[in-house]
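For reference, the structure discussed in these notes is given below.
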Amino acid sequence: MILGIGTDLANIERIQSTLDRFGDRFKNRVFTQVEQRKAEARKDVAGTYAKRWAAKEACSKALGTGLAMGISWKDMAVTNMRSGQPVMAVTGWAAERVAQMTPAGHTAVIHCTLTDDHPWAQAFVVIEALPNGGGTT
């Protein structure tokens, strides 16, 4: 059962200009240390930040809240599996919202995909509720 779907498109050049203007202040407000290390190690630093920005926006939409209802940017964080597959982790208020959305007897799974084609970065986030015990809904 799908609990929420979100998508967002970010302009890589806009993220680059924000990085140029605000630097660490912007990075520290929006991105976790893990996200920052990942981006700073990449050739396309701004593109990596832009994809993660888009993922956070998409996640907030999938949560049905946007960013106006008390969710923090750092409550949503993108990491990568060893295979490179992106993974969206939620903490704080975002995790509480996922718990509220998830029906009894189910476990929430957050799916995340990222892509970019300069000057755009795009993310899709789907929050799915899977029944505990292997049953179907």
Listed by chain and number, what are the side chain to side chain donor-acceptor pair (under 3.5 Å) partners of [X], not counting sequence neighbours?
X	answer
T115	none
D44	none
T18	none

Closest non-hydrogen atom pair, [X] against [Y]:
X	Y	result
S60	M76	N-SD, 3.8 Å
I12	A50	CG1-CB, 3.8 Å
A54	A123	C-CB, 3.6 Å
M101	A62	CE-O, 3.6 Å

Check: residues 79-92 side-chain donor-acceptor pairs under 3.5 Å, at least two apart:
| residue | atom | partner | partner atom | Å |
| --- | --- | --- | --- | --- |
| N80 | OD1 | R52 | NH2 | 2.7 |
| N80 | ND2 | G84 | O | 2.8 |
| S83 | OG | Q85 | N | 3.4 |

Reported [atom1]-to-[atom2] distance for the pair [X] and [Y], which is rounded to 0.5 angstrom:
X	Y	atom1	atom2	result
T48	L114	OG1	CG	9.5 Å
I127	I110	CD1	CD1	5.0 Å
T102	L130	OG1	CG	10.0 Å
S72	R29	OG	CZ	8.5 Å
H106	L3	NE2	CG	8.5 Å

> Taking only residues two or more places apart in sequence, or in another chain, which ones meet K74 in a salt bridge (Lys or Arg N to Asp or Glu O under 4.0 Å)?
Replying inline: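 None.
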
> Among all residues two or more places apart in sequence or in another chain, which pass the salt bridge (Lys or Arg N to Asp or Glu O under 4.0 Å) test with E40?
Replying inline: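 In terms of salt bridge (Lys or Arg N to Asp or Glu O under 4.0 Å), with neighbours along the sequence ignored, E40 is linked to K27.
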
>> Starting from I5 and following side-chain heavy-atom contacts under 4.5 Å between hydrophobic residues (I, L, V, M, F, W, Y), which residues can be reached?
In response: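 Cluster partners of I5: I2, V126.
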
> Side-chain heavy atoms under 4.5 angstrom apart, residues restricted to Ile, Leu, Val, Met, Phe, Trp, Tyr: same cluster for V30 and Y49?
Replying inline: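 Yes.
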
> Would E57 and W73 satisfy side-chain contact (heavy atoms from CB on, under 4.5 Å), going step by step from the backbone distance to the final call?
Replying inline: CA-CA 9 Å; E57 288 274 3; W73 287 104; 3.4 Å; yes

>> Taking ring-ring contact (aromatic ring centres under 6.0 Å, His included) as the definition, give me every residue that meets it alongside F26, ordered by chain and number, with sequence neighbours left out.
In response: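 F26 satisfies ring-ring contact (aromatic ring centres under 6.0 Å, His included) with F31, W53 only.
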
> For F124, what residues pass the ring-ring contact (aromatic ring centres under 6.0 Å, His included) criterion, not counting sequence neighbours?
Replying inline: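 ring-ring contact (aromatic ring centres under 6.0 Å, His included) check on F124 returns nothing, list empty.
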
> Are the side chain of E35 and the backbone of V78 linked by a donor-acceptor contact shorter than 3.5 Å?
Replying inline: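 Yes; judged by distance alone, with no hydrogens or angles, the pair exists.
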
> Is the backbone N or O of L63 less than 3.5 Å from a side-chain atom of R97, with the two atoms forming a donor-acceptor pair by type?
Replying inline: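 Between the backbone of L63 and the side chain of R97 there is a qualifying donor-acceptor contact (under 3.5 Å).
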
>> Enumerate the salt bridge (Lys or Arg N to Asp or Glu O under 4.0 Å) contacts for residues 10-21, please, sequence neighbours excluded, ordered by first and then second residue.
In response: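 Listed once each, the pairs would be none.
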
>> Filter on salt bridge (Lys or Arg N to Asp or Glu O under 4.0 Å), then keep only pairs touching residues 107-121, sequence neighbours left out; what's left?
In response: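 Non-adjacent pairs meeting salt bridge (Lys or Arg N to Asp or Glu O under 4.0 Å): K51-D116.
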
>> Can you pull out every side-chain hydrogen bond (donor to acceptor under 3.5 Å, both in side chains) where at least one residue sits in residues 119-131? Sequence neighbours excluded, please.
In response: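 Matches after skipping sequence neighbours: H111-E128.
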
